[in-house]
Every structure is written in structure tokens, then in C-alpha cells.
Amino acid sequence: MNRLKIADTISTVTNPPIICIPLFLIMSIVLSFEGGQFNISKFIVLELISLVFSSLLPMAIIVFWAKKLGTDKDISNRTDRFVPLIVGIVSYFIGFLTSLILNAHNFLTILLLCYAVNTFIVMLITLKWKISVHTTGLSGPVGALILLLGPFGAIFGILYPVLIWSRVLLKKHTLSQAICGAVQGFFLTIFEMYLFVEVLHLPVGDILSLSTATLFILAIILTPIILGFLSYVHIKNAKTIFYLAEAALLVLFLAFTPLDVFLIFVLVSLTSVLISYFAGSDFVWNEVLTG
């Protein structure tokens with residue numbers, strides 16, 4: 001299988017309505033435990049709400065709209081994306097109301113509201129700039145899993161540099177669009193979760209602190225950001241600068257963050273470097289590391 005086919009497969013399985021299925025399944029399982037016992041009825045309710053409003057309805061409109069316009073499955077034209085985004089906002093908001101009315105679980109309720117708000121923000125950005133919906137769609141549920149599961153949720157952050165490569169290689173997004181999609185998605189999700197808990201008075205139980213969640217997000221995004229910056233500035237000795245920056249970050253993370261945050265930084269950094277070498281000259285990160 002050549003690189004283009006691998007990138008296309010990655011892009012397909014990480015399409016926001018599709019990647020939501022396994023990630024929301026994990027959330028539904030975790031949220032269904034009460035007093036150490038698994039509540040199957042609660043799981044069914046949580047999973048159905050998640051599946052219908054975060055996946056099936058958004059996926060249906062994407063397929064319908066792409067077929068109606070005769071465009072690709074990613075709806076690559078920026079101006080063609082507004083209808084699916086609006087339907088997504090409505091779907092997530094109805095999911096929020098459904099979860100709220102059924103008292104399914106406050107964590108899911110607030111997360112679906114975050115999805116509605118974040119999709120609205122993406123729509124506003126799309127008026128002027130084609131920010132990556134794929135990387136935003138990955139960062140939302142991964143950010144939620146970080147709050148819920150800490151390092152076990154953050155492990156999914158290794159998909160971030162892989163997805164950046166996929167979207168850029170397929171020429172669906174520029175490097176900056178792919179990187180920024182997840183950066184805004186991660187931070188909006190965790191900050192909004194804490195904000196809506198307070199504003200709506202909907203306690204979500206024991207979740208990760210905002211400060212620790214922020215450290216996990218920094219561990220995920222910093223190496224791709226550094227590689228992205230060096231890719232754009234085209235300075236001499238970029239490879240040396242990259243490894244010096246990585247060494248400095250390794251020391252800082254080891255000295256000032258919990259060990260699990262440090263390990264996530266190492267995993268994502270290694271993934272970023274490996275995908276750069278695997279990508280070859282078709283991907284600009286490779287030029288940074290081999291130039």
C-alpha cells in the first residue's frame with residue numbers, strides 16, 4: 001500500500017463522525033460505572049445519544065450533501081461546508097437537550113454542548129479560512145477523554161501528528177490549518193467543559209484538573225507546532241534547532257510535570273519524528289529533519 005492510500009485510509013477512519021464512534025463508546029463505558037458496578041441501562045442510553053447525535057446524523061448529512069453537490073467525501077471546497085456544519089450544530093444541540101432532559105450523565109450533556117459551540121466557532125472561522133475539521137474533530141473527544149481518564153485518554157493524542165500528515169499529503173489542508181484545528185479544539189473543549197459545569201451547575205464528578213489537562217494538551221501539541229514553525233520559516237540548521245528545542249522541552253516536562261505527562265510528550269514526539277521520516281520528501285516535516 002503506497003503512502004497516498006495509507007493517508008486516505010487514515011483520513012477516512014478519523015473523519016469526525018467516524019472517530020466519534022470508538023471514542024464516545026469508551027466514554028459511555030466509563031460513565032456507566034456507578035459505585036463500581038456497570039449499569040447496562042445507563043450505558044445503552046449514553047451510547048444511543050452519543051451514536052445518534054455525534055455520529056449518525058452528522059455523517060448522514062455529510063454523505064447526502066457530498067452526493068448532492070457531486071463533491072468528494074471531505075467536501076473539500078470551503079464554501080460548501082456551511083450546510084453540514086449548521087446541521088452538525090443543530091444535531092449536537094439537540095443531543096445536549098436530549099441528554100439533559102433524560103438526565104443521562106452531566107459529562108456527556110456538557111460535552112455535546114461543547115461540540116455545538118465548537119462547531120459554531122469552526123463555522124465562523126470557515127467564513128475566511130479552511131481550518132481542519134478533521135483535526136478539530138479528533139481533539140474534541142480526545143480532550144474529553146483526557147479530562148475523564150488522564151493519561152489513558154491522552155494516549156490517543158499520538159493520532160494528531162499522523163492525521164496532520166494525512167490531511168496535508170492529501171492536499172485537503174495546509175500544514176497550519178491542520179495544526180490549528182486541533183489546537184483550538186483541545187483548548188476550547190477543556191475550558192468550555194469547566195465553564196459550563198459552573199455556569200449550568202451540572203457537576204460531572206471527579207475529572208482531571210484544568211491545569212493538569214492543559215499540561216497533557218501541551219505535551220500533545222508542542223512538537224507538531226515546532227515542526228510546523230520550522231517548516232514555514234525555512235531557516236538554516238532547522239534540524240539542529242528542532243532537536244535542541246526538543247531536548248529543552250524534555251528537561252522541562254521531566255522537571256516540572258507529572259511523569260505521565262512527560263511520557264505522553266515522549267510518545268507524541270516520537271510519533272511526529274517517525275511519521276516525518278516515513279513520509280519522505282512529500283511532507284515538509286521531513287525536510288526539517290533531514291535538511
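Computed from heavy atoms alone, side chains included, the values below leave out hydrogens, waters and symmetry copies.
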For this session: Would you sort out whether Val183 and Tyr160 count as a side chain to side chain contact (heavy atoms under 4.5 Å, CB included), showing the intermediate values?
Result: CA-CA 10 Å; Val183 171; Tyr160 177 41; 3.9 Å; yes
With side chains defined as the heavy atoms from C-beta onward, is the minimum distance between [X] and [Y] less than 4.5 Å?
| X | Y | value |
| --- | --- | --- |
| Arg3 | Phe283 | no |
| Leu227 | Leu175 | no |
| Phe216 | Ile221 | no |
| Pro58 | Val87 | no |
| Leu147 | Thr189 | no |
| Ser32 | Ile40 | no |
| Leu97 | Thr109 | no |
| Val117 | Phe96 | no |

Examine distances only and state if a side-chain atom of [X] and a backbone atom of [Y] form a donor-acceptor pair shorter than 3.5 Å.
| X | Y | answer |
| --- | --- | --- |
| Asn106 | Pro203 | yes |
| Lys239 | Glu287 | no |
| Ser11 | Ala7 | no |
| Asn15 | Ile18 | no |
| Ser91 | Phe53 | yes |
| Asn39 | Lys42 | yes |
| Asn286 | Ala279 | no |
| Thr136 | Gly181 | yes |
| Gln177 | Thr174 | yes |

Gap between atom [atom2] of [Y] and atom [atom1] of [X] - 0.5 Å precision:
| X | Y | atom1 | atom2 | value |
| --- | --- | --- | --- | --- |
| His173 | Arg167 | NE2 | CZ | 4.5 Å |
| Ser176 | Ile131 | OG | CD1 | 9.0 Å |
| Ile49 | Ile44 | CD1 | CD1 | 12.0 Å |
| Phe242 | Ser231 | CZ | OG | 10.0 Å |
| Ile220 | Ile158 | CD1 | CD1 | 10.0 Å |
| Thr271 | Ile164 | OG1 | CD1 | 11.5 Å |

Heavy-atom count around [X] [atom1] within 6.0 Å, excluding the residue itself: above 12?
| X | atom1 | answer |
| --- | --- | --- |
| Phe152 | CZ | no |
| Phe187 | CZ | yes |
| Phe229 | CZ | no |
| Gln37 | CD | no |
| Phe256 | CZ | no |

For this session: Assess whether side chain to side chain contact (heavy atoms under 4.5 Å, CB included) is satisfied between Ile179 and Thr135, documenting all intermediate values.
Result: CA-CA 7 Å; Ile179 291 174; Thr135 55; over 6 Å; no
Exercise. Given Val204, which of Leu111, Ile110, Leu108 fulfils the side chain to side chain contact (heavy atoms under 4.5 Å, CB included) condition?
Worked result: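 It is Ile110; the other options fail the test.
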For this session: Using side chain to side chain contact (heavy atoms under 4.5 Å, CB included) as the criterion, point out the one residue from Leu263, Val268, Ile264 that pairs with Ile155.
Result: Ile264
Give the minimum heavy-atom separation between [X] and [Y], together with the two atoms involved.
| X | Y | result |
| --- | --- | --- |
| Leu46 | His105 | CD2-CB, 3.7 Å |
| Ser55 | Pro17 | OG-O, 2.6 Å |
| Phe253 | Leu215 | CE2-O, 4.1 Å |
| Ser99 | Leu112 | CB-CD1, 4.5 Å |
| Ile275 | Pro161 | CG2-O, 4.2 Å |
| Gly150 | Leu208 | CA-CD2, 4.1 Å |

Kindly work out whether a path of hydrophobic side-chain contacts (I/L/V/M/F/W/Y, heavy atoms less than 4.5 Å apart) joins [X] to [Y].
| X | Y | answer |
| --- | --- | --- |
| Leu188 | Leu124 | yes |
| Val288 | Leu244 | no |
| Leu57 | Leu48 | no |
| Leu100 | Val199 | yes |
| Leu250 | Leu274 | no |

For this session: Could you tell me if the ring centre of Phe265 sits under 6.0 Å from that of Phe262?
Result: no
Exercise. Aromatic ring centroids of Tyr277 and Trp285 under 6.0 Å?
Worked result: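 No, they do not, as the ring centres are separated by 6.0 Å or more.
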Exercise. Does the side chain to side chain contact (heavy atoms under 4.5 Å, CB included) test come out yes or no for Leu163 and Thr14, once each step is laid out?
Worked result: CA-CA 8 Å; Leu163 185 53; Thr14 54; 3.1 Å; yes
For this session: State whether a side-chain donor-acceptor pair under 3.5 Å links Thr214 with Ser211.
Result: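 Distance-only check fails for Thr214 and Ser211.
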Exercise. Is there a side chain to side chain donor-acceptor pair (under 3.5 Å) between Thr212 and Ser209 once you walk through the steps?
Worked result: CA-CA 5 Å; Thr212 305; Ser209 70; 2.9 Å; yes
Problem set entry | Aromatic plane relationship, Tyr92 with Tyr115 - under 30° parallel, 30 to 60° tilted, over 60° perpendicular | perpendicular
Exercise. Between Ile29 and Phe43, does a side chain to side chain contact (heavy atoms under 4.5 Å, CB included) hold up when you go through it step by step?
Worked result: CA-CA 6 Å; Ile29 292 172; Phe43 168 75; 3.6 Å; yes
